[in-house]
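Convention: sequence-line order gives letters A, B, ...; per-chain numbering from 1. Only this structure's heavy atoms are used, side chains among them; waters, hydrogens and symmetry mates stay out.
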Number of protein chains: 2
Amino acid sequence: MARTQAADYDRRRDEIVSKAARLYAEHGFLGASVSDLAAACDVSKSAIYHYYVSKEDILFDVMRAHIAALEDAAAEAIATSSNPEAQLRALAHGFMSIYGADADRHTVLLNDLDHLPAAKRDEIVRIQRGLIGTMEGILTALEPGLKDRPGAPRAAAMLFYGMINWTHTWFNQNGVVTTCMLADMAADMTLGGLAAVAGRAA
Amino acid sequence: MARTQAADYDRRRDEIVSKAARLYAEHGFLGASVSDLAAACDVSKSAIYHYYVSKEDILFDVMRAHIAALEDAAAEAIATSSNPEAQLRALAHGFMSIYGADADRHTVLLNDLDHLPAAKRDEIVRIQRGLIGTMEGILTALEPGLKDRPGAPRAAAMLFYGMINWTHTWFNQNGVVTTCMLADMAADMTLGGLAAVAGRAA
DNA sequence: CCTACCGATCGGTAGG
DNA sequence: CCTACCGATCGGTAGG
């Protein structure tokens with residue numbers, strides 16, 4: 001069965017990428033060696049190079065599926081409604097859900113993008129720019145007055161992403177705060193400030 | 001003059017730390033070698049080890065003055081007023097001003113804390129915990145209702161720090177947006193949401 | 001895919 | 001005997 005070999009090949013690559021995500025998230029791309037990765041996968045270092053031609057190629061695969069998922073979530077959030085408040089809430093929930101499920105990959109994306117070769121890094125950066133533009137569109141639809149201040153739409157979009165992206169440094173999967181609650185809080189703070197966050201109190 | 005030697009010693013250490021901040025910010029702690037640092041300082045690698053016993057000690061000095069400056073700015077913001085809104089604005093401006101002035105050190109603090117030996121890392125983390133506690137105090141003073149939601153004060157504090165800390169990834173010293181404007185925007189968004197940000201439009 | 005290696009470079013230290 | 005370094009090289013390990 002030729003299909004079995006191909007399926008096994010893909011399964012092995014998936015395991016390498018997923019173990020790499022774990023190691024890179026914990027020690028950084030430069031702090032985790034290919035030997036470490038091989039040991040984590042219980043294979044030889046050469047076996048890793050049978051599936052990937054370079055360490056950077058593994059890093060790219062760690063990031064690629066994650067950024068694609070974010071791109072899809074953003075498109076879905078925009079398509080769900082024409083109401084910018086609903087779009088903001090949908091995007092916040094979609095992103096935080098992915099951040100929670102793919103925490104390692106998200107950490108790697110945020111910490112080690114600069115260790116990609118330029119061509120591959122540019123591919124990721126292009127998608128990130130699109131996500132920033134999407135958020136600028138939502139926020140200026142919510143508050144057209146932002147456009148009267150040079151740089152404000154971009155800055156507001158980055159402050160929003162700061163709130164949700166920064167969660168990877170402190171969010172605890174086993175804590176009382178859920179990704180869903182954080183999505184609500186970030187959206188509420190953007191829409192109405194801290195009072196809106198507190199207004200959710202029982 | 002015995003004083004001249006000591007003064008020169010301190011000046012040399014300062015130059016090493018400042019060049020290290022630049023290199024570590026750009027390439028990461030592991031991505032910048034002691035040889036790179038020696039070359040940047042135009043001295044031999046052995047000269048670096050005359051002033052510092054290890055690479056990690058240099059990293060610690062890069063972070064130490066920066067986190068101390070943040071600690072001072074937070075204490076000053078609290079002391080300036082008993083009004084929590086004024087305290088929030090003062091802290092936001094104080095921090096963003098330091099982030100702009102010490103951009104390299106801030107990047108290193110946020111990216112390479114895990115590369116410090118445990119004892120030194122704990123010293124920094126202890127100060128960071130204090131800064132988080134300070135922000136929790138300000139935010140719960142602003143909105144006592146936060147305390148009715150388990151985890152909300154801590155989460156709100158981290159969302160605020162996310163907004164201002166994340167700026168190190170995108171803020172451009174030569175752009176139209178200033179650190180002062182970002183401090184206002186982060187404080188406004190926390191206090192009243194996006195509408196408050198847009199309300200500043202001319 | 002493994003064992004056995006390479007060119008180079010790592011953080012750190014020797015003698016002078 | 002000290003300081004402030006230098007050229008050369010240490011034992012190990014990186015990616016390949």
Side-chain angles (χ1 to χ4, degrees), chain A residues 2 4-17 19-21 23-24 26-62 108 111-112 114-121, chain B residues 1-17 19-24 26-63 108 111-112 114-121:
Chain A
T4 307
Q5 276 187 337
D8 205 59
Y9 184 85
D10 290 345
R11 217 182 312 122
R12 292 289 204 130
R13 277 178 70 106
D14 286 348
E15 200 212 339
I16 290 170
V17 172
K19 299 273 192 196
L23 288 171
Y24 296 167
E26 189 169 350
H27 305 288
F29 176 69
L30 295 178
S33 70
V34 176
S35 295
D36 294 335
L37 177 56
C41 295
D42 208 27
V43 297
S44 74
K45 196 163 61 168
S46 297
I48 300 292
Y49 282 100
H50 175 71
Y51 292 99
Y52 279 99
V53 297
S54 74
K55 196 189 182 192
E56 280 82 6
D57 277 7
I58 303 172
L59 178 63
F60 185 58
D61 260 14
V62 169
V108 174
N111 286 341
D112 291 313
D114 288 344
H115 293 116
L116 277 182
K120 284 172 178 163
R121 184 179 60 230
Chain B
M1 284 198 288
R3 290 294 295 272
T4 308
Q5 276 188 340
D8 204 60
Y9 185 85
D10 289 346
R11 216 182 312 124
R12 293 288 205 134
R13 276 178 72 106
D14 286 349
E15 200 212 339
I16 290 169
V17 172
K19 299 274 191 196
R22 184 84 273 278
L23 288 172
Y24 296 167
E26 189 168 352
H27 306 288
F29 176 69
L30 295 178
S33 69
V34 176
S35 296
D36 294 335
L37 177 56
C41 296
D42 208 27
V43 298
S44 72
K45 196 165 59 168
S46 297
I48 300 291
Y49 282 102
H50 175 72
Y51 292 100
Y52 279 99
V53 296
S54 75
K55 198 190 181 191
E56 281 81 6
D57 278 7
I58 302 172
L59 179 62
F60 185 58
D61 260 13
V62 169
M63 295 180 176
V108 174
N111 287 341
D112 291 313
D114 288 345
H115 293 116
L116 278 182
K120 284 172 179 164
R121 184 179 60 232

What is the separation between atom [atom1] on [X] and atom [atom2] on [N], rounded to the nearest whole Å?
{"X": "I58(B)", "N": "dC10(C)", "atom1": "CD1", "atom2": "C1'", "value": "14 Å"}
{"X": "Y51(A)", "N": "dG16(D)", "atom1": "OH", "atom2": "P", "value": "18 Å"}
{"X": "R11(B)", "N": "dA4(D)", "atom1": "CZ", "atom2": "C1'", "value": "14 Å"}
{"X": "H115(B)", "N": "dG11(C)", "atom1": "NE2", "atom2": "P", "value": "12 Å"}
{"X": "R13(B)", "N": "dC5(D)", "atom1": "CZ", "atom2": "P", "value": "13 Å"}
{"X": "D57(B)", "N": "dG11(C)", "atom1": "CG", "atom2": "C1'", "value": "13 Å"}
{"X": "L59(A)", "N": "dG15(D)", "atom1": "CG", "atom2": "P", "value": "12 Å"}
{"X": "H27(B)", "N": "dG11(C)", "atom1": "NE2", "atom2": "P", "value": "13 Å"}

When you measure from the side chain of [X], which nucleotide among [options] comes out closest?
{"X": "S35(B)", "options": "dC10(C), dC1(C), dC6(D)", "result": "dC10(C)"}
{"X": "S54(A)", "options": "dG12(C), dG16(D), dT3(D)", "result": "dG16(D)"}
{"X": "K55(A)", "options": "dG12(C), dC6(D), dG16(D)", "result": "dG16(D)"}

Using 4.0 Å as the upper bound for N to carboxylate O, is an ion pair formed by D8(B) and R11(B)? yes

The criterion is side-chain hydrogen bond (donor to acceptor under 3.5 Å, both in side chains); which residues satisfy it with R121(A), sequence neighbours excluded? none

How many angstroms lie between atom CG of D36(B) and atom SG of C41(B), to the nearest 0.5 angstrom? 11.0 Å

Between K55(A) and Y24(A), is any pair of side-chain heavy atoms under 4.5 Å apart? yes

Phosphate-side-chain proximity, R12(B) and dC5(D), N/O vs OP1/OP2 below 4.0 Å: yes

Measuring to OP1 and OP2 of dG12(C), would you say a side-chain N or O of Y49(B) lies under 4.0 angstrom away? yes

Is there a donor N/O on one and an acceptor N/O on the other, under 3.5 Å, for the side chain of K45(A) and the base of dG15(D)? yes

With distance as the sole criterion, do the side chain of S46(B) and the base of dT13(C) form a donor-acceptor contact below 3.5 Å? yes

Y52(A) near the nucleic acid: base, sugar-phosphate alone, or nothing, with a heavy-atom cut-off under 4.0 Å? nothing

Assign S33(A) to base, sugar-phosphate, or nothing according to its heavy-atom contacts below 4.0 angstrom with the strands shown. sugar-phosphate

Please work out which of the three classes, parallel, tilted or perpendicular, describes the rings of Y51(B) and Y9(B), given edges at 30° and 60°. tilted

dG12(C) to dA8(D) separation - P atoms, rounded to the nearest Å: 22 Å

